[in-house]
Protein chains: 2
Amino acid sequence: MDKETIYDIRQFNRFYTKVLGLFNNQILDTNYSLTEARVLFEISERTECFANNLVQELNIDRSYMSRILRKLESEELIEKKSSIIDSRKNFLFLTKKGEELLDKINIQSDEQIIQLFTGLTSSEINEIRTSMMVIKEKLEKNKF
Amino acid sequence: MDKETIYDIRQFNRFYTKVLGLFNNQILDTNYSLTEARVLFEISERTECFANNLVQELNIDRSYMSRILRKLESEELIEKKSSIIDSRKNFLFLTKKGEELLDKINIQSDEQIIQLFTGLTSSEINEIRTSMMVIKEKLEKNKF
DNA sequence: CTCCTTTAGTTGACTTTGTCCACATTTGAT
DNA sequence: ATCAAATGTGGACAAAGTCAACTAAAGGAG
């Protein structure tokens, strides 16, 4: 890899840090943090979800995850149900209230995306989309 | 924008959060945080740099920035020199020691990039690079 | 089965990171 | 001359994240 390529990639990384930062700091008008939102999202995406899946997927310390989950449980956004097969594990799932919150967050997140792209032509949007998929597919197959 | 497009973009954002997270957690064998590294980087990139530039570019609270700068100064990585034209402002610049640290961080960052891309062919790497530049240019011209 | 290692999750104590607000000083505009 | 806005500082605090020790259960190997 030549210097220019590395330079461009690092520049992109700095740039995209800023883009993502924008979203994350627009902490939506719920009282929940990005991390909590991501936890809810991951729980809803999985048919079976344990704390440890989240720890790995979101790269969060397990003690910290434990506290996050306890908080979400105390606010009745999720429920834990101990597994019969392996009683160390707890199945995690969203409550009705948790699903509603996630819906709300999803709507807001979609709107953030729309805002970011407003002003671009649909062919430009498509170019970006395609570019994103290229990056994701190639890096994913390589490392993730 | 249709639902599928928004979906793909959000998926990319989640994915790239993970990629960036990898890097950020690896500021390893210096005792400095990613934020401190970014501050040093920005100071070195600018011919004239004031605290407020950093606050805006890096999206960091100004009281927090004040403390970061004080820490960096106390460790002799940067120096402040009060502006004659506007005595509220301090010119910021790297000391020799700061430059050396930044060099070290840059080398490590380059290596992280190389690691991430090892395993891909050079045409794949080029596709990714081009894709990144498309995304950056289009979004930058639109919003940033 | 028993012993041992590994895995899942919890807790306490702590550090780091980030936020909010009030404040001093200085500048620039009217 | 006055007043609003900009720049940076400091106190007090809250949120986010880390580390080590611990319980308890599960999965072997012999």
Side-chain angles (χ1 to χ4, degrees), chain A residues 17-18 20-40 42-43 46 48-75 78-93, chain B residues 17-18 20-40 42-43 46 48-75 78-93:
Chain A
T17 297
K18 231 171 19 168
L20 293 173
L22 252 195
F23 290 143
N24 306 355
N25 287 337
Q26 276 184 39
I27 313 187
L28 316 160
D29 65 357
T30 66
N31 297 310
Y32 298 93
S33 70
L34 176 73
T35 302
E36 288 164 332
R38 295 181 73 204
V39 168
L40 295 179
E42 287 297 328
I43 293 174
R46 292 162 193 269
E48 287 190 358
C49 183
F50 304 109
N52 210 33
N53 303 138
L54 300 173
V55 163
Q56 285 170 24
E57 177 66 26
L58 304 179
N59 226 309
I60 290 175
D61 178 271
R62 66 200 208 283
S63 70
Y64 186 28
M65 182 59 72
S66 174
R67 280 176 250 259
I68 291 171
L69 293 174
R70 188 166 51 189
K71 187 196 165 201
L72 294 179
E73 194 186 19
S74 81
E75 298 187 358
I78 66 167
E79 278 180 49
K80 296 180 189 173
K81 212 171 204 171
S82 153
S83 163
I84 308 168
I85 313 148
D86 183 343
S87 66
R88 291 170 305 176
K89 300 181 181 177
N90 296 311
F91 285 107
L92 301 173
F93 47 89
Chain B
T17 297
K18 231 172 17 171
L20 292 173
L22 253 194
F23 290 142
N24 305 355
N25 289 336
Q26 277 183 44
I27 293 284
L28 291 170
D29 71 356
T30 67
N31 296 310
Y32 298 92
S33 69
L34 175 73
T35 302
E36 288 163 333
R38 295 181 73 204
V39 168
L40 295 180
E42 286 298 329
I43 293 175
R46 293 163 192 270
E48 287 192 357
C49 183
F50 304 110
N52 210 33
N53 302 137
L54 301 173
V55 163
Q56 284 171 24
E57 177 66 25
L58 304 179
N59 226 312
I60 290 175
D61 178 271
R62 67 198 207 285
S63 70
Y64 186 29
M65 182 58 73
S66 173
R67 280 175 252 258
I68 290 170
L69 293 175
R70 188 170 50 192
K71 188 195 165 203
L72 295 178
E73 195 185 19
S74 82
E75 298 188 357
I78 67 168
E79 278 180 48
K80 296 180 189 173
K81 213 171 205 170
S82 154
S83 163
I84 308 168
I85 313 148
D86 183 344
S87 66
R88 293 169 304 179
K89 300 181 181 177
N90 296 313
F91 286 107
L92 302 173
F93 47 90

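Letters A, B, ... are given to chains in the order of the sequence lines, protein chains preceding strands, and every chain is numbered from 1. As the structure is a prediction and not an experimental result, all values here were calculated from the model.
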Problem set entry | Length of the line joining R70(A):CZ and dG9(C):P, which is rounded to integer Å | 14 Å

Exercise. For N31(A) and dA14(D), what is the distance between atoms CG and P respectively, to the nearest whole Å?
Worked result: 16 Å

Exercise. Whole Å only: how far is the CD1 atom of I85(A) from the P atom of dA8(C)?
Worked result: 14 Å

For this session: Scan L72(B), I78(B), L34(B) and name whichever one has a side chain to side chain contact (heavy atoms under 4.5 Å, CB included) with V39(B).
Result: L72(B)

Exercise. Do the non-hydrogen side-chain atoms of Y32(B) and E75(B) ever get within less than 4.5 Å of each other?
Worked result: yes

Exercise. For L69(A) and dG17(D), what is the distance between atoms CG and C1' respectively, to the nearest whole Å?
Worked result: 15 Å

Exercise. Over how many whole Å does the gap from E48(A) atom CD to dA8(C) atom P extend?
Worked result: 14 Å

Problem set entry | Among dT9(D), dT6(C), dA6(D), the one nearest R88(A) by side-chain distance | dT6(C)

Exercise. Under 4.0 angstrom, heavy atoms only, what part of the nucleic acid is S87(A) near: base, sugar-phosphate, or nothing?
Worked result: sugar-phosphate

For this session: To the nearest Å, give me how far apart CD (E73(B)) and P (dG10(D)) are.
Result: 11 Å

Exercise. Which one, dT6(C), dT26(C), dG17(D), comes nearest to the side chain of Y64(A)?
Worked result: dG17(D)

For this session: Just call it for D61(B): base, sugar-phosphate, or nothing, with non-hydrogen atoms closer than 4.0 Å on any strand.
Result: base

Exercise. With respect to the side chain of D86(A), which nucleotide from dT26(C), dA25(D), dG18(C) is positioned closest?
Worked result: dA25(D)

For this session: Check every atom of dA16(D), dG8(D), dT9(D) against the side chain of S33(A) and return the nucleotide holding the closest atom.
Result: dA16(D)

Exercise. How close do N31(A) and E36(A) get, heavy atom to heavy atom, and via which atoms?
Worked result: O-OE1, 4.5 Å

For this session: Under 4.0 Å between any heavy atoms, over every strand shown, what does K71(A) touch: base, sugar-phosphate, or nothing? Just pick one.
Result: nothing

For this session: Measure the shortest side-chain to side-chain distance between R46(A) and E57(A) over non-hydrogen atoms and say whether it is less than 4.5 angstrom.
Result: yes

Seminar exercise, completed: In this structure, CE of M65(A) is separated from CG of N52(A) (nearest 0.5 Å) by 9.5 Å

Seminar exercise, completed: Taking dC21(C), dA8(C), dT7(D) as options, the one with an atom nearest any side-chain atom of K89(B) is dT7(D)

Exercise. Given atom CG of N52(B) and atom P of dT7(D), what is their separation to the nearest angstrom?
Worked result: 4 Å

Exercise. Is there a donor and acceptor pair, one atom on the side chain of R62(A) and one on the base of dG9(C), closer than 3.5 Å?
Worked result: yes

Exercise. Which part of the nucleic acid, if any, lies within contact of R67(A), taking any heavy atom under 4.0 Å across all strands shown: a base, the sugar-phosphate backbone alone, or nothing?
Worked result: base

Exercise. dA15(D) P sits how many Å from M65(A) CE, rounded?
Worked result: 19 Å

